[in-house]
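Read the structure below first, then the notes.
For the numbers below, each heavy atom of this structure counts, side chains included, while hydrogens, waters and symmetry mates do not.
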Amino acid sequence: MKELMLGNKAFARGLYEAGCQFVSSYPGTPSTEVTEEAALYDEIYCEWAPNEKVAMEAAFGASLAGKRSFCGMKHVGLNVAADPLYTMSYTGVNAGLVICVADDAGMHSSQNEQDSRHHAIAAKLPMLEPSDSAETLAFAKAAYELSEKFDTPVIVKMCTRIAHSQSVVETGERIVPEKSYTKDIAKYVMMPGNAKRRHPIVEERTKALQGFAEITDLNRIENDGKEIGIITSSTSYQYAKEVFGSDASILKLGLVNPLPVQKILDFAKDKKELIVIEELDPIIENHCKVLGLKVTGKDKLPMIDEFSQNLIAKAFGRKVPAGLTLDEQIPVRPPVMCSGCPHRGMFYSLKKNKVTVLGDIGCYTLGAVAPLQTIEMTLCMGASVSAAHGFNKALGSEGEKHTVAVIGDSTFMHSGMTGLANIAYNQSNSTVVILDNSITGMTGHQQNPTTGYNIKGDPAGKIDLESLCHAMGIRRVVVVDPYDLAACDKAIKEELAAEEPSVIISRRPCVLLKYVKHKPSLRVNEEKCRGCKSCMRIGCPSISMKNGKAHVDATLCVGCDVCSQLCAFDAFESTGSEE
């Protein structure tokens with residue numbers, strides 16, 4: 001049956017058809033939907049793990065047991081999982097193990113641009129790179145065949161455009177291969193003596209994969225015989241076809257590690273111009289140059305951001321089609337926390353107290369933008385807690401009395417716990433604010449170990465943050481409602497003044513969760529409003545100024561009442577109408 005599918009949905013379908021039985025992932029845009037879609041198949045066990053390292057190790061365990069397994073993440077998540085990844089290259093697999101890494105060229109929802117092909121090269125693992133949804137399904141299935149044929153984990157590299165665009169796929173039937181577990185200490189116990197004997201096996205496997213790259217249909221030549229030759233992969237392949245049409249021959253690479261040698265040399269033989277089109281780093285281009293080929297690539301194309309048809313056309317002197325423009329300029333809509341976001345009250349209180357705030361990865365990173373402008377540092381998952389410790393150790397009481405780390409509940413479970421353990425163990429007088437909105441918010445409301453529900457929404461083990469912090473050696477743990485500005489202010493002052501490490505848990509569910517019942521919206525009594533703009537300081541998108549008076553958009557307001565706590569004239573009133 002043919003169906004229009006998102007790339008991520010097609011990937012999940014490929015897992016299903018390939019007989020995958022175990023999925024463990026951590027949500028990260030643009031990879032998240034692969035696991036969410038896989039969870040819709042009852043035949044596949046799926047879970048959200050606390051972080052990518054745990055997810056990959058769990059998938060390895062399932063593979064070891066004889067079940068085809070999968071692990072998904074975004075590009076920065078692969079950094080977290082790099083430790084098991086590189087050693088799994090040595091151990092190999094039992095049943096097939098496929099890893100999806102989704103790169104985010106253009107940084108639509110990421111703190112950096114990263115080319116994950118470097119991980120595949122360094123770990124000496126095969127990597128496939130599909131260019132549409134149909135290939136994504138096919139490559140997921142092919143990855144399992146490769147994994148078991150060459151005794152290796154296989155990485156499938158997605159990107160934002162492939163993950164989140166749609167094309168037609170043809171679905172097939174599910175086939176589940178069966179393998180049994182066999183004890184093999186020399187293969188799976190990576191103590192130095194065994195690892196030393198496994199490394200030559202990795203090198204031999206790489207040679208075998210190199211030979212496979214020359215003959216596989218994953219790498220194919222299209223429209224051969226033209227004077228212009230283009231070597232490309234992924235979305236760049238689609239753009240190249242649109243821009244050059246029938247004017248160029250194309251070597252489309254689906255297996256991007258290891259890259260073929262003789263196939264490229266044969267393709268280049270009769271070409272007067274050889275072009276390499278690839279997003280981010282010049283990996284294919286440098287490979288061609290090592291082979292002695294003269295190619296055009298990054299001398300005309302950028303090493304940053306996503307490509308487009310027009311960008312490529314302009315770079316190579318091709319006709320750029322005229323675009324359509326609007327007669328009126330559309331106002332810019334800056335990113336902002338939602339109306340009623342529970343993080344807003346805590347950030348306002350931190351700003352009011354002139355606290356240095358070291359931030360983390362999550363939607364609360366928007367606390368760095370105007371008008372709150374509270375967060376002063378964001379590095380990576382869990383870094384806020386670790387950095388606060390180092391910051392305070394470096395500055396002593398000067399830092400300890402004026403600095404906090406903020407981190408979400410899911411991010412705290414991901415990699416904040418070890419930072420808190422460091423604070424407790426090495427005794428910096430640091431304050432950590434856990435922004436507990438009862439969900440993994442930024443990636444679209446996935447469950448985590450603190451919510452009490454699993455990926456399917458069924459009851460699951462629930463970690464109690466207060467008990468966990470106490471168990472880690474933090475004696476001072478206080479819980480506040482971020483809608484209560486007085487309580488937030490009191491907690492911040494008291495915990496910063498304390499002479500020991502402390503944790504403030506700012507707890508209120510994300511306002512967008514379906515089970516959260518909103519209060520009636522507010523309105524402004526214009527006779528009482530003085531136009532002082534105090535309510536504008538929290539940066540709520542529901543509030544604006546009209547004719548010198550505050551105005552509440554009732555379609556956005558959720559009645560959180562934070563704004564009324566800032567008004568000295570009691571100008572905010574409830575509409576009294578239920579949502």
Any side-chain donor-acceptor pair under 3.5 Å between [X] and [Y]?
| X | Y | answer |
| --- | --- | --- |
| S234 | S236 | no |
| Q446 | E36 | yes |
| S428 | H389 | yes |
| S415 | N51 | no |
| T182 | D184 | no |
| E203 | T206 | no |
| H75 | D115 | no |
| H118 | D281 | yes |
| S233 | E129 | yes |
| K74 | S110 | yes |

Side-chain ([X]) to main-chain ([Y]) donor-acceptor, under 3.5 angstrom:
| X | Y | result |
| --- | --- | --- |
| E278 | I283 | yes |
| T365 | D360 | yes |
| S31 | G28 | yes |
| D132 | A134 | yes |
| S147 | T152 | yes |
| N94 | S180 | yes |
| Y144 | A95 | no |
| D103 | K157 | no |
| T451 | N448 | yes |
| E214 | Q262 | yes |

Flag if over 12 foreign heavy atoms under 6.0 Å of [atom1], [X]:
| X | atom1 | result |
| --- | --- | --- |
| Y425 | OH | no |
| K456 | NZ | yes |
| D458 | CG | yes |
| E43 | CD | yes |
| K241 | NZ | no |
| Y453 | OH | no |

Can you measure from [atom1] ([X]) to [atom2] ([Y]) and round to the nearest 0.5 angstrom?
| X | Y | atom1 | atom2 | answer |
| --- | --- | --- | --- | --- |
| S109 | D104 | OG | CG | 4.5 Å |
| L15 | E37 | CG | CD | 11.0 Å |
| L97 | M88 | CG | CE | 5.0 Å |
| I455 | E47 | CD1 | CD | 8.5 Å |
| C71 | M56 | SG | CE | 4.5 Å |
| N223 | I230 | CG | CD1 | 10.0 Å |

Specify whether H119 and Y86 have parallel, tilted or perpendicular ring planes, treating 30° as the upper limit for parallel and 60° as the lower limit for perpendicular.
->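 The rings of H119 and Y86 stand perpendicular, inter-plane angle above 60°.
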How are the rings of Y26 and H414 set relative to one another: parallel (under 30°), tilted (30 to 60°) or perpendicular (over 60°)?
-> perpendicular
Side chain to side chain, [X] and [Y], heavy atoms closer than 4.5 Å:
| X | Y | value |
| --- | --- | --- |
| L293 | L265 | yes |
| M442 | I361 | yes |
| N422 | V385 | no |
| T35 | P27 | no |
| S167 | M5 | no |
| T440 | H445 | no |
| L311 | F316 | no |
| K9 | E33 | no |

Locate the shortest heavy-atom distance separating [X] from [Y]; write the atom from each residue and the value.
| X | Y | answer |
| --- | --- | --- |
| A120 | N257 | O-ND2, 3.3 Å |
| L420 | V432 | CD1-CG2, 4.0 Å |
| L125 | R205 | CD2-NH2, 3.8 Å |
| L137 | E170 | CD1-O, 4.2 Å |
| G7 | T136 | O-CG2, 3.3 Å |
| D305 | G106 | OD1-CA, 3.2 Å |

Pairing residues for R197 by the side-chain hydrogen bond (donor to acceptor under 3.5 Å, both in side chains) criterion, not counting sequence neighbours |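 Partners of R197 under the side-chain hydrogen bond (donor to acceptor under 3.5 Å, both in side chains) test: N194.
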With ring-ring contact (aromatic ring centres under 6.0 Å, His included) as the test, would you mind laying out the steps for F11 and F139 before giving the verdict?
-> CA-CA 8 Å; F11 203 133; F139 281 21; 9.9 Å; no
Any salt bridge linking [X] with [Y]? Criterion: basic side-chain nitrogen under 4.0 Å from a carboxylate oxygen.
| X | Y | answer |
| --- | --- | --- |
| E3 | R13 | no |
| K294 | E273 | no |
| K179 | E148 | no |
| D266 | K269 | yes |
| E17 | K141 | yes |
| D299 | K289 | no |

Looking at residues at least two apart in the chain, or sitting in another chain, which of them share a side-chain contact (heavy atoms from CB on, under 4.5 Å) with K271?
-> D224, S249, F267, L274
Could you go through the ring-ring contact (aromatic ring centres under 6.0 Å, His included) check for F307 and Y239 one step at a time?
-> CA-CA 8 Å; F307 287 177; Y239 302 150; 7.6 Å; no
NZ or CZ of K67 within 45° of F22 ring axis and under 6.0 Å | no
